[in-house]
Visitor: 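Here you go, one structure.
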Amino acid sequence: MTATPALITPETTEAQDRLREVRLAKLEKLKALGVNAYPYKFTTTAKAQQLHDTYKDLAVDTQTTDDVVVAGRIRAYRNDGMFIDLQDVTGKVQIFSHKETLAPGMADILACLDIGDLIGVAGTVRRTKRGELTVNATTITVLAKTLLPLPDKFHGLSDTEARYRQRYLDLIMNEESRNTFRARSAILRAVRETLQGRGFIEVETPMMQVIPGGAAAKPFITHHNALDIDLYMRIAPELYLKRLIVGGLSERVFEVGRNFRNEGLSPKHNPEFTMMECYQAYTDMEGMMELTEAIFEAACTAVNGGVEAQFGEHRLNFKGPWARVRMVDIVKERTGIDFLAISDVKEARAAAKKAGAEITGKELWGQCVEKVFGDLIEPTIVQPTHITHHPRDISPFAKADPKDSRLTERYESFCVGREIANAFSELTDPQDQMARFVDQMKQRESGDDEAQMIDADYVTALEYGLPPTGGLGIGIDRAIMLLTGTETIRDVILFPTLKPVK
RNA sequence: GACUGCGUAGCUCAGCCGGUAGAGCAUCGGACUUUUAAUCCGCAGGUCGUGGGUUCGAUCCCCACCGCAGUCACCA
């Protein structure tokens with residue numbers, strides 16, 4: 001036997017090589033029988049679930065004359081292939097092969113099959129004495145001969161590392177994993193449909209940017225050879241999307257796409273993650289609140305059939321309107337600290353520290369408020385809640401609160417101690433915006449490498465006029481975790497970031 | 001980045017106080033045949049994550065490194 005280059009796989013062990021040899025021998029037998037084990041096309045007439053639906057009333061021990069053609073992966077192979085469990089995207093159906101009903105030559109093919117192989121089966125439908133819906137095979141077509149065995153048919157694949165590195169095996173073996181990622185798709189569709197139903201148009205903005213703005217985060221750096229310049233992977237699409245509102249491309253735009261933040265990995269953080277951001281002209285944060293609720297209601301309904309979702313012990317209800325409370329008010333209510341009555345920064349830091357927040361001594365007034373909220377209150381929020389009117393210090397793109405210039409028209413929505421949305425009445429005043437950038441630059445110079453860089457062109461865009469606009473961002477991965485009851489972000493991202501194996 | 005835990009056959013897992021490894025499933029050979037994790041008999045399958053060290057002897061003890069997980073830090 002001659003080894004082809006494709007089969008030189010240094011990662012496999014000798015034991016794996018032996019297992020492969022066995023299957024290669026069967027592949028050779030198939031070739032000898034004139035069978036192409038990797039054909040080009042196959043047409044089916046039914047899926048497994050369709051058969052179960054159609055024949056749900058078929059009596060036990062009953063043979064029909066209905067011809068069907070199915071295709072899928074062999075998940076179980078009993079009695080030397082007499083019984084096969086065939087799995088397709090909808091589920092499993094049993095295949096029965098008997099000398100008397102099998103077409104000539106099929107028995108030889110059957111003998112060359114293994115668990116894991118992809119096959120097509122033509123036959124008639126019956127229900128066995130034991131009540132199992134079954135296709136009595138007449139012909140069997142090899143659609144792809146496998147060269148490596150699947151994991152344990154009963155215990156499956158549970159090794160977390162293997163599940164992430166070889167996601168295809170995880171998907172073959174674990175129905176829960178398949179369901180989660182199908183739910184992910186359904187949620188994304190619901191988000192898009194909700195927005196499109198309201199007249200938002202989907203756009204795409206640069207992922208490689210010269211000035212990475214729109215969020216407080218460390219960026220990844222990459223390099224463009226021809227231009228010989230470094231570029232940053234975007235941390236947010238925000239500033240580009242608002243340029244589109246300035247341009248009047250649409251009064252309503254949204255983007256669903258990847259953001260990249262150079263930070264640690266955790267059950268809640270993956271360096272690349274999916275974000276939905278949308279901007280709507282002529283509305284403010286109130287309008288965004290209603291939209292936030294509508295999106296979550298739709299997304300939850302898409303995967304759970306209603307506005308409730310189970311997350312751990314918590315029964316979450318996404319039906320709007322959600323509770324809303326000002327950040328300073330809930331801080332005052334829970335800790336007794338009335339930050340609005342504190343004007344001195346040192347005093348604010350002392351109060352925050354006394355309350356139990358982690359204070360380094362460099363915080364601005366607004367950062368003290370946020371620390372207390374983030375450290376002490378955020379983790380306790382269970383049901384969807386809008387926390388509103390963030391301090392101006394931590395909100396460089398939000399309009400000031402007309403009632404108190406220390407605050408802004410901004411809110412973040414929280415659920416089970418997690419942020420699920422961030423929105424505000426967008427700052428549209430170019431002079432105020434430039435002042436905010438200058439403030440950020442000062443924070444940057446004093447060591448905060450996550451403070452915003454000045455994006456002069458963005459300010460120029462504002463000088464051409466951004467209408468009153470509401471903006472909203474939703475972290476899609478975390479939303480999916482909540483709506484599907486998933487504890488770790490790696491279980492909702494198909495190929496999470498992992499260190500390479502050396 | 002820090003701490004803790006884990007890494008044993010293709011998969012899922014045992015392995016005592018240090019004496020160079022076991023099971024089930026899968027594979028292979030055989031038996032059986034309307035099964036449901038099919039059953040029965042038998043064979044084979046291992047650089048115990050990697051590299052050092054201690055020891056007469058290391059899967060086990062020590063050190064370093066690699067990877068994964070959890071917690072924290074960083075971070076929305």
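Just so we're on the same page: letters track the sequence lines, and every chain starts at 1.
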Visitor: If I pick the P atom on U59(B) and the same atom on G22(B), what distance separates them, to the nearest angstrom?
Guide: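 About 14 Å, rounded to a whole number of Å.
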Visitor: Side chains of Asn270(A) and Arg490(A): donor-acceptor distance under 3.5 Å anywhere?
Guide: no
Visitor: Does a side-chain N or O from Lys371(A) land closer than 4.0 Å to OP1 or OP2 of C75(B), or not?
Guide: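 For C75(B), OP1/OP2 do not have a side-chain N/O of Lys371(A) under 4.0 Å.
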Visitor: When the distance from CD of Glu161(A) to C1' of C11(B) is rounded to whole Å, what number comes out?
Guide: 15 Å
Visitor: Which of these nucleotides, A37(B), C75(B), U34(B), is closest to any side-chain atom of Arg126(A)?
Guide: U34(B)
Visitor: How would you label the contact of Gly374(A) with the nucleic acid (heavy atoms, under 4.0 Å): base, sugar-phosphate, or nothing?
Guide: nothing
Visitor: Can you pull out the residues from residues 77-95 of chain A that lie within a 4.0 Å heavy-atom distance of RNA chain B?
Guide: Arg78(A), Asn79(A), Asp80(A), Phe83(A), Gln94(A)
Visitor: Kindly indicate, with the supporting measurements, whether the criterion side-chain hydrogen bond (donor to acceptor under 3.5 Å, both in side chains) is fulfilled by Thr388(A) and Arg324(A).
Guide: CA-CA 7 Å; Thr388(A) 72; Arg324(A) 60 174 77 175; over 6 Å; no
Visitor: I need the CD1-P distance between Ile115(A) and A37(B), as an integer number of Å.
Guide: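 Nearest whole value for this atom pair: 13 Å.
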Visitor: Between Leu19(A) and Pro149(A), what is the shortest heavy-atom contact and its length?
Guide: CD1-CG, 3.8 Å
Visitor: Taking CE in Met208(A) as the centre, count heavy atoms belonging to other residues, nucleotides or ligands within less than 6.0 Å. Is the count above 12?
Guide: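 Not more than 12 within 6.0 Å, no.
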Visitor: Hey, which of these two, His98(A) or Arg165(A), hits RNA chain B nearer its 5' end, going by closest nucleotide?
Guide: His98(A)
Visitor: It should be established whether Ser266(A) places a side-chain nitrogen or oxygen under 4.0 Å from OP1 or OP2 of nucleotide A69(B).
Guide: no
Visitor: Need to verify one output field. Residue with the more 5' nearest nucleotide on RNA chain B, Pro267(A) or Lys499(A)?
Guide: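 Checking each residue's closest nucleotide, the 5'-ward one belongs to Lys499(A).
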Visitor: Any idea which of A38(B), U34(B), G70(B) is nearest the Arg490(A) side chain?
Guide: G70(B)
Visitor: Nearest whole angstrom, please: distance from the C1' of C28(B) to the CZ of Arg23(A).
Guide: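 Checked: the CZ to C1' distance equals 12 Å.
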Visitor: According to a strict under-4.0 Å criterion, is Lys153(A) in side-chain N/O contact with OP1 or OP2 of A38(B)?
Guide: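 Affirmative; the distance criterion is met.
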Visitor: Tell me what Gly264(A) touches on the nucleic acid: a base, only sugar-phosphate, or nothing, going by heavy atoms under 4.0 Å.
Guide: base
Visitor: When rounded to the nearest Å, what value does the distance between C1' atoms of G53(B) and G10(B) take?
Guide: 33 Å
Visitor: Does G10(B) have its OP1 or OP2 closer than 4.0 Å to a side-chain nitrogen or oxygen of Arg20(A)?
Guide: no
Visitor: Of Leu150(A), Leu86(A), Asp88(A), which meets side chain to side chain contact (heavy atoms under 4.5 Å, CB included) against Arg73(A)?
Guide: Leu150(A)
Visitor: When the C1' atoms of A21(B) and C48(B) are considered, how many whole Å apart are they?
Guide: 8 Å
Visitor: In whole Å, I'd like the distance from the CG atom of Leu265(A) to the C1' atom of C72(B).
Guide: 15 Å
Visitor: Please report the C-alpha distance between Asp117(A) and Lys145(A) in whole Å, then the side-chain angles of each, then the deciding distance to 0.1 Å, and finally whether the salt bridge (Lys or Arg N to Asp or Glu O under 4.0 Å) criterion is met.
Guide: CA-CA 5 Å; Asp117(A) 289 352; Lys145(A) 179 66 191 165; 2.7 Å; yes
Visitor: Taking the same atom, C1', in G42(B) and in U54(B), what whole-Å distance lies between them?
Guide: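 These two C1' atoms come out 43 Å apart once rounded.
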Visitor: For G24(B) versus C60(B), give the span between their P atoms, rounded off to a whole number of Å.
Guide: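 Straight-line distance between the two P atoms is 26 Å.
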Visitor: One pair to check against ring-ring contact (aromatic ring centres under 6.0 Å, His included): Tyr240(A) and Tyr279(A). What are the steps and the verdict?
Guide: CA-CA 11 Å; Tyr240(A) 282 95; Tyr279(A) 294 86; over 10 Å; no
Visitor: Check whether any side-chain nitrogen or oxygen of Thr160(A) sits under 4.0 Å from OP1 or OP2 of A69(B), and answer yes or no.
Guide: no
Visitor: Base, sugar-phosphate, or nothing: which does Arg418(A) touch, judged by heavy atoms less than 4.0 Å apart?
Guide: nothing
Visitor: From U27(B), A69(B), C11(B), pick the nucleotide closest to the side chain of Leu498(A)?
Guide: A69(B)
Visitor: What is the nucleic acid contact for Phe96(A), judged by heavy atoms within less than 4.0 Å: base, sugar-phosphate only, or nothing?
Guide: base
Visitor: Among C68(B), A38(B), C11(B), which is the nearest nucleotide to the side chain of Pro151(A)?
Guide: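 Nearest to the side chain of Pro151(A) among the choices is C11(B).
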Visitor: Met173(A) versus Asp152(A): any side-chain heavy-atom pair under 4.5 Å?
Guide: no
Visitor: Taking CG from Asn259(A) and P from C75(B), how many angstroms apart are they, rounded to a whole number?
Guide: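 Between P of C75(B) and CG of Asn259(A): 17 Å.
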Visitor: Have a look at Arg163(A) and say if it touches a base, only the backbone sugar-phosphate, or nothing, with a 4.0 Å heavy-atom cut-off.
Guide: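 Result for Arg163(A) = nothing.
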Visitor: Using a cut-off of 4.0 Å on non-hydrogen atoms, how would the nucleic acid contact of Lys268(A) be classed: base, sugar-phosphate, or nothing?
Guide: nothing
Visitor: Using only atom types and a distance under 3.5 Å, with no angle test, would you say the side chain of Ser266(A) pairs donor to acceptor with the backbone of His269(A)?
Guide: yes
Visitor: By nearest atom, which of the nucleotides U36(B), C13(B), C74(B) is closest to the Glu132(A) side chain?
Guide: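 In terms of side-chain proximity for Glu132(A), the closest of U36(B), C13(B), C74(B) is U36(B).
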Visitor: Please determine which of Asp61(A), Thr62(A), Asn136(A) meets the side chain to side chain donor-acceptor pair (under 3.5 Å) test together with Arg126(A).
Guide: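 With Arg126(A) as partner, side chain to side chain donor-acceptor pair (under 3.5 Å) holds for just one option, Asn136(A).
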Visitor: Atom CE of Met173(A) and atom P of C11(B): how far apart are they, to the nearest Å?
Guide: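 Interatomic distance, CE of Met173(A) to P of C11(B): 11 Å.
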Visitor: Measure from the side-chain heavy atoms of Arg18(A) and tell me the nearest of U27(B), G46(B), C75(B).
Guide: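 Nucleotide nearest to Arg18(A)'s side chain: G46(B).
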Visitor: Please give the distance between the C1' atoms of U27(B) and G45(B) as a whole number of Å.
Guide: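 Approximately 9 Å lies between the C1' atom of U27(B) and that of G45(B).
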Visitor: Let's go through Tyr168(A) and Phe495(A) carefully: what are the C-alpha distance in whole Å and the side-chain angles of both, what is the deciding distance for ring-ring contact (aromatic ring centres under 6.0 Å, His included) to 0.1 Å, and is it a yes or a no?
Guide: CA-CA 10 Å; Tyr168(A) 42 90; Phe495(A) 300 100; 8.2 Å; no
Visitor: Just by distance, do the side chain of Asp448(A) and the backbone of Glu450(A) share a donor-acceptor pair under 3.5 Å?
Guide: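 Indeed, once roles are kept as given, a pair shorter than 3.5 Å links the two residues.
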Visitor: Taking donor-acceptor contacts at under 3.5 Å, does the side chain of Asp152(A) reach the base of G10(B)?
Guide: no
Visitor: Any base atoms under 4.0 Å from Leu150(A), or only sugar-phosphate, or nothing? Heavy atoms, all strands.
Guide: nothing
Visitor: Expected output check: what is the dot-bracket annotation of RNA chain B, where ( ) and [ ] are pairs inside the strand (brackets for crossing ones), | is paired with another strand, and pairs are Watson-Crick or G-U under 3.5 Å?
Guide: (((((((..((((.....[..))))..((((.......))))......(((((..]....))))))))))))....
Visitor: Taking only the P atom of each, what is the distance from A44(B) to U39(B) in whole angstrom?
Guide: 22 Å
Visitor: What contact category does Gln166(A) fall into here, base, sugar-phosphate, or nothing, at under 4.0 angstrom with non-hydrogen atoms?
Guide: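 Counting heavy atoms under 4.0 Å across all strands, no contact is made by Gln166(A).
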Visitor: I need the CD1-P distance between Ile489(A) and C75(B), as an integer number of Å.
Guide: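 It works out to 17 Å between those atoms.
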Visitor: Tell me whether the count of non-hydrogen atoms from other residues, nucleotides or ligands lying under 6.0 Å of CD in Glu176(A) goes above 12.
Guide: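 12 or below, so no.
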Visitor: Please measure how far the P atom in A2(B) lies from the corresponding atom in G15(B), and state the result in whole Å.
Guide: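 Per the computed distance, 31 Å lies between those P atoms.
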Visitor: Within the structure shown, what part of the strands sits under 4.0 Å from Ala217(A) by heavy-atom distance: base, sugar-phosphate, or nothing?
Guide: sugar-phosphate
Visitor: For Lys26(A) and A26(B), what is the distance between atoms NZ and P respectively, to the nearest whole Å?
Guide: 12 Å
